[in-house]
Amino acid sequence: MTLILWWVTCLIWSSVFLFIKLGLRDLPPVTFAAVRLVAAIVVFLPILLIRREPLPRRAADWSVIAVGGLLILGLNYALLFWGAQYIPSGLTAVLTAVTPAFALVFGHFLLDDEPFTFKALGAIAIGIAGVAIISADQLHVAGPQALLGALAIVGGAAAVGFAYVYVKARARSRVPPAVLTCGQMLCAVGPMLAFATIREGNPVAHDWTAVAIGSVLYLALFGSVGATWLNYWLLERMSATAVLSMALVEPLIAVLLGAAVLDERLTLNAGVGGVLVLCSIFMITISFQRSRT
């Protein structure tokens with residue numbers, strides 16, 4: 001069941017790229033991301049109240065929630081959206097795919113049950129190579145601004161890798177996944193809205209087309225609420241590296257969705273890279289299963 005839900009979560013995250021592309025046709029990036037969080041909170045918070053989810057009472061737990069929210073939804077989004085302006089989307093996919101490698105390193109130092117192994121690193125490297133092959137026609141960086149953009153995206157990947165390991169190490173099973181998810185949104189939405197308003201103007205004044213509204217709702221309900229909650233549910237049952245290895249297979253599924261919905265071109269590289277990505281995921285998940293038996 002755990003691996004089935006891992007793949008369900010991976011499919012949801014992969015579809016997010018499609019709806020981001022659609023929404024960005026009408027909305028500026030930071031405003032888009034901030035309003036997505038607002039919509040998710042409007043849906044999620046009443047559910048928590050109705051279900052009477054127990055809230056953490058320890059200040060230490062709330063600090064973990066805040067750190068995770070600011071790193072994953074704040075710093076990561078800011079670096080990702082800024083960096084993506086200056087480099088091709090294929091290179092963005094490759095750079096974000098290093099997230100599980102960061103989790104592997106941070107997990108070695110912060111988690112007793114997730115030691116660093118060269119076998120795991122090799123599996124991640126195979127996956128990153130597969131993502132690179134999928135995006136081979138876009139793998140080029142030109143000029144100092146593009147280099148800074150690439151470094152920003154790597155910084156965002158490092159922030160995500162550290163945040164998931166940090167949450168697993170500090171929160172453990174004391175904080176329910178739903179509370180973690182909603183709490184992190186509440187911590188991140190204020191700074192993001194403020195930045196969006198200063199940088200991109202009044203969020204209400206933008207061109208809110210039917211496609212833009214639909215994209216926000218999909219990303220809020222399935223991405224910010226559904227997939228994020230599933231991520232933390234999985235984090236209680238899998239290693240942080242195994243959970244974040246979704247970043248390796250997401251570009252492959254995103255390419256297939258782009259071809260099906262947006263008529264984007266499929267290439268032989270996508271097939272070869274896809275095989276490497278699937279081999280990598282198989283090695284990581286099999287390693288996870290054996291470590292738990």
Side-chain angles (χ1 to χ4, degrees), residues 9 13 16 29-49 51-82 96 99-100 102-103 105-107 109-111 114 152-199 203 219-220 223-236 238-241 243-244 247:
T9 309
W13 282 127
V16 160
V30 183
T31 298
F32 188 14
V35 175
R36 164 190 176 179
L37 284 184
V38 172
I41 291 169
V42 169
V43 172
F44 212 164
L45 199 54
I47 294 174
L48 291 185
L49 295 175
R51 293 177 58 185
R52 297 182 179 179
E53 289 277 3
L55 299 178
R57 298 187 178 184
R58 291 160 35 105
D61 289 336
W62 281 110
S63 69
V64 171
I65 292 172
V67 169
L70 291 173
L71 288 178
I72 297 171
L73 301 175
L75 180 61
N76 171 50
Y77 276 14
L79 292 174
L80 176 62
F81 283 123
W82 183 85
T96 55
T99 303
F102 282 115
V105 174
F106 290 130
F109 293 102
L110 296 178
L111 298 170
E114 295 191 25
I153 290 173
V154 172
V160 173
F162 174 80
Y164 272 91
V165 170
Y166 179 80
V167 167
K168 183 167 186 176
R170 299 298 177 88
R172 294 292 180 177
S173 59
R174 293 193 307 264
V175 184
V179 175
L180 264 174
T181 303
C182 192
Q184 290 184 346
M185 292 177 191
L186 289 169
C187 291
V189 69
M192 287 187 69
L193 274 175
F195 182 80
T197 302
I198 294 171
R199 185 68 183 266
L219 293 172
S224 296
V225 175
T228 304
W229 182 88
L230 283 170
N231 264 27
Y232 285 117
W233 185 90
L234 290 168
L235 196 62
E236 294 179 354
M238 301 178 74
S239 71
T241 301
V243 173
L244 292 176

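We number each residue from 1, following the sequence as shown.
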State, with a plain yes or no, whether a side-chain heavy atom of [X] is found less than 4.5 Å away from one of [Y].
{"X": "Val30", "Y": "Arg199", "value": "no"}
{"X": "Leu79", "Y": "Ile153", "value": "no"}
{"X": "Leu186", "Y": "Ile41", "value": "yes"}
{"X": "Val189", "Y": "Val38", "value": "yes"}
{"X": "Val154", "Y": "Phe102", "value": "yes"}
{"X": "Leu70", "Y": "Gln184", "value": "no"}

Q | Trace of the side-chain contact (heavy atoms from CB on, under 4.5 Å) decision for Leu235 with Asn231 | A | CA-CA 6 Å; Leu235 196 62; Asn231 264 27; over 6 Å; no
Atom [atom1] of [X] and atom [atom2] of [Y]: how far apart are they, to the nearest 0.5 Å?
{"X": "Phe44", "Y": "Ser224", "atom1": "CZ", "atom2": "OG", "result": "10.0 Å"}
{"X": "Met185", "Y": "Leu180", "atom1": "CE", "atom2": "CG", "result": "11.0 Å"}
{"X": "Thr181", "Y": "Trp229", "atom1": "OG1", "atom2": "CH2", "result": "8.5 Å"}
{"X": "Leu45", "Y": "Cys182", "atom1": "CG", "atom2": "SG", "result": "4.5 Å"}

Atom of [X], atom of [Y] and distance for their closest heavy-atom approach:
{"X": "Trp13", "Y": "Ala227", "value": "CE2-CB, 3.4 Å"}
{"X": "Val35", "Y": "Pro203", "value": "CG2-CB, 4.4 Å"}
{"X": "Arg36", "Y": "Ala220", "value": "O-CB, 3.5 Å"}
{"X": "Ile72", "Y": "Ala163", "value": "CG1-CB, 3.4 Å"}
{"X": "Asn76", "Y": "Ala157", "value": "OD1-N, 4.2 Å"}
{"X": "Ala188", "Y": "Pro191", "value": "O-CD, 3.3 Å"}

Q) Can the ring centroids of Tyr164 and Phe106 be said to lie less than 6.0 angstrom from one another? A) no
Q. So, the side chain of Thr99 versus the backbone of Val160: is there a donor-acceptor pair under 3.5 Å, distance only?
A. no
Q: Would you check, one step at a time, whether the test side-chain contact (heavy atoms from CB on, under 4.5 Å) holds for Phe162 with Leu110?
A: CA-CA 9 Å; Phe162 174 80; Leu110 296 178; 3.8 Å; yes
(Q) Using the rule given for side-chain contact (heavy atoms from CB on, under 4.5 Å), can you reason through Phe32 versus Leu219, listing the C-alpha separation, both sets of side-chain angles and the distance that settles it, and then say yes or no? (A) CA-CA 10 Å; Phe32 188 14; Leu219 293 172; 3.4 Å; yes
(Q) Does Phe109 form a side-chain contact (heavy atoms from CB on, under 4.5 Å) with Val165? I'd like the steps, not just the answer. (A) CA-CA 10 Å; Phe109 293 102; Val165 170; over 6 Å; no
